[in-house]
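Before any comments, here is the structure.
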Amino acid sequence: MGAEQDPHVGDPHLGSIVVAADELHERIRALGKEISADYAGRAPLLVGVLKGAFMFMADLARAIDLPVEFDFMAVSSYGSATKTSGVVRIVKDLDLDLSGRDVILVEDIVDSGLTLSYVRKNLQARNPASLEVCALLVREGLQKHDPRLRYVGFRIPPEFVIGYGLDVGERYRNLPDICVYLDS
Ligand code: IMP
Ligand code: MG
């Protein structure tokens with residue numbers, strides 16, 4: 001597709017690239033190698049938090065050289081705005097039983113850490129053998145809750161970002177790069 005046909009070109013909300021597609025893929029390959037080594041001989045269960053983590057989870061899983069299984073849950077903490085409501089609720093629960101499983105929680109971005117701390121507590125209560133977190137992005141400096149992240153893709157400056165699964169009002173998830181969202 002030529003640049004002139006890209007529907008995002010000329011979009012005044014689309015800011016500069018924060019993490020380019022090739023950097024994403026290189027880092028995700030490294031995370032996959034690390035997870036493959038750490039979980040050697042085991043079959044981890046990847047739990048993705050919808051919808052933002054779906055693209056990351058798909059690429060991460062293909063970078064892991066182990067028999068992995070998948071499940072997804074959806075939580076709501078933001079509505080369609082770019083500010084947290086402070087309330088987290090489960091919109092779609094898991095299908096699988098976590099007891100005795102080595103669970104890796106896959107998140108798109110950790111901002112305040114509220115979503116993560118809620119989901120982690122919720123999953124821990126289901127008695128997994130182990131529970132670790134793999135977050136693609138961590139926004140620097142804003143975590144009010146201790147995030148305890150085992151795997152992190154990138155630490156990014158305090159700007160709202162879109163692309164590679166991340167949205168504003170359900171749009172921009174299909175951008176191949178992670179970009180700044182200009183809210184004006
Ligand atoms: P937290 O609960 O404040 O840590 O926010 C985490 C959730 O808010 C993420 O899982 C995202 O769905 C959403 N979110 C936070 N920052 C961004 C962003 O920059 N772009 C898109 N979604 C975001
Ligand atoms: Mg979202």
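From a predicted model like this one, the values you see are computed outputs, not experimental measurements. Every number for a ligand or one of its atoms is a count from 1 in the order of the listing.
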| message | As an exercise, identify every atom of ligand 1 less than 4.0 angstrom from a heavy atom of Leu114. | response | 2 (O), 4 (O)
| message | Is it the case that the side chain of Arg139 and the backbone of Glu159 share a donor-acceptor pair, with hydrogens and angles ignored and the cut-off at 3.5 Å? | response | yes
| said: Please verify the inter-ring angle class for Tyr151 with Tyr39; under 30° counts as parallel, over 60° as perpendicular, anything in between as tilted. | reply: tilted
| note | One finds that the ligand 1 atoms under 4.0 Å from a non-hydrogen atom of Thr115 are 1 (P), 2 (O), 5 (O), 6 (C), 7 (C)
| Min heavy-atom dist Asp108 to ligand 1 below 4.0 Å | yes
| field | Proximal ligand 1 atoms for Ile109, defined as those under 4.0 Å from one of its heavy atoms | value | 6 (C), 9 (C), 10 (O), 11 (C), 14 (N), 15 (C), 16 (N), 17 (C), 19 (O), 23 (C)
| field | Hphob cluster co-occupancy, Met57 + Val68, side-chain heavy atoms under 4.5 angstrom | value | yes
| Flag, side chain of His13 to backbone of Asp183, donor-acceptor distance under 3.5 Å | no
| Val49/Leu116 under side-chain contact (heavy atoms from CB on, under 4.5 Å): CA gap, chis, key distance, verdict | CA-CA 9 Å; Val49 182; Leu116 183 61; over 6 Å; no
| Relative to each other, are the rings of His25 and Tyr164 parallel, tilted or perpendicular (30° and 60° limits)? | perpendicular
| What do we get for Asp167 next to ligand 1 when only non-hydrogen atoms under 4.0 Å count, side chain, backbone, both or neither? | backbone
| Can you tell me if Val161 has a non-hydrogen atom under 4.0 Å from ligand 1? | yes
| said: Is the contact between Asp111 and ligand 1 made by the side chain, the backbone, both, or neither, using heavy atoms and a 4.0 Å cut-off? | reply: both
| said: Asp102 vs Ser130, test: side-chain hydrogen bond (donor to acceptor under 3.5 Å, both in side chains). Steps then yes/no. | reply: CA-CA 5 Å; Asp102 291 301; Ser130 66; 2.6 Å; yes
| Short list, please: which atoms of ligand 1 are under 4.0 Å from a heavy atom of Arg139? | 16 (N), 17 (C), 18 (C), 19 (O)
| Close-contact set for ligand 1 against Ser112 heavy atoms, below 4.0 Å | 1 (P), 2 (O), 3 (O), 4 (O)
| query | At a 4.0 Å cut-off, with the gap strictly under it, does some heavy atom of Gly113 reach an atom of ligand 1? | reply | yes
